[in-house]
Amino acid sequence: MTQAEKWYSSDELRDVGKLLHMIQDSFSHAHTVREVTSVKRGDILNFQSYNAQDSSLHGLADTVDGDWRCIPGANRALKASRNILELKHQNKQWSEAKKYLEENVFKVANSVLTDIAG
């Protein structure tokens with residue numbers, strides 16, 4: 001979370017964009033494996049290793065014909081991005097943003113997977 005704090009605390013739009021990218025990637029199948037419930041993709045089970053993936057297949061998780069909101073995790077990524085931008089706009093302290101991220105974005109499941117995706 002050290003890098004996220006640096007980006008959140010910055011006044012540079014590029015840094016805020018980096019934080020949003022990290023948040024959004026965390027909901028992508030190309031970057032994480034999350035618990036699947038009947039309602040949503042939940043807590044993180046595993047972070048994917050780009051080095052262990054087939055680079056030609058990496059982008060497929062973010063590809064869809066038609067509406068981008070049909071990509072699994074896209075709506076949660078959008079909601080999380082909006083919420084962080086709202087906290088930033090309201091000049092909320094990092095501690096509040098960190099709490100939101102830990103509880104809603106980067107929450108790791110109680111039982112995690114140890115296999116690295118390929």
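If you're wondering where the values come from, they're calculated on a predicted model, not measured in any experiment. These numbers come from the heavy atoms of this one structure, side chains and all, not from hydrogens, waters or symmetry mates.
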Is there a side-chain contact between [X] and [Y] in this structure, where contact means two heavy atoms from C-beta onward sitting under 4.5 Å apart?
X     : Y     : answer
Ile23 : Leu19 : yes
Thr2  : Lys6  : no
Leu85 : Val16 : yes

*With Lys88, which residues qualify under salt bridge (Lys or Arg N to Asp or Glu O under 4.0 Å), at least two apart?*
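Counting only residues at least two positions away or on another chain, Lys88 forms no salt bridge (Lys or Arg N to Asp or Glu O under 4.0 Å).
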*Any side-chain hydrogen bond (donor to acceptor under 3.5 Å, both in side chains) pairs touching residues 92-110, not counting sequence neighbours?*
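Every pair satisfying side-chain hydrogen bond (donor to acceptor under 3.5 Å, both in side chains) with a residue in residues 92-110: Asn83-Tyr100.
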Which atom names give the shortest non-hydrogen contact between [X] and [Y], and what distance separates them?
X     : Y      : value
Ala97 : Leu87  : CA-CD1, 3.8 Å
Phe27 : Ala77  : CD1-CA, 3.6 Å
Ser26 : Phe106 : CB-CE2, 3.6 Å

Gap between atom [atom2] of [Y] and atom [atom1] of [X] - 0.5 Å precision:
X      : Y     : atom1 : atom2 : result
Leu101 : Ile84 : CG    : CD1   : 4.0 Å
Gln24  : His31 : CD    : NE2   : 10.5 Å
Trp7   : Glu12 : CH2   : CD    : 14.0 Å
His21  : Ser81 : NE2   : OG    : 10.5 Å

*Are the side chain of Thr32 and the backbone of Arg34 linked by a donor-acceptor contact shorter than 3.5 Å?*
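Not confirmed, Thr32 side chain does not pair with Arg34 backbone.
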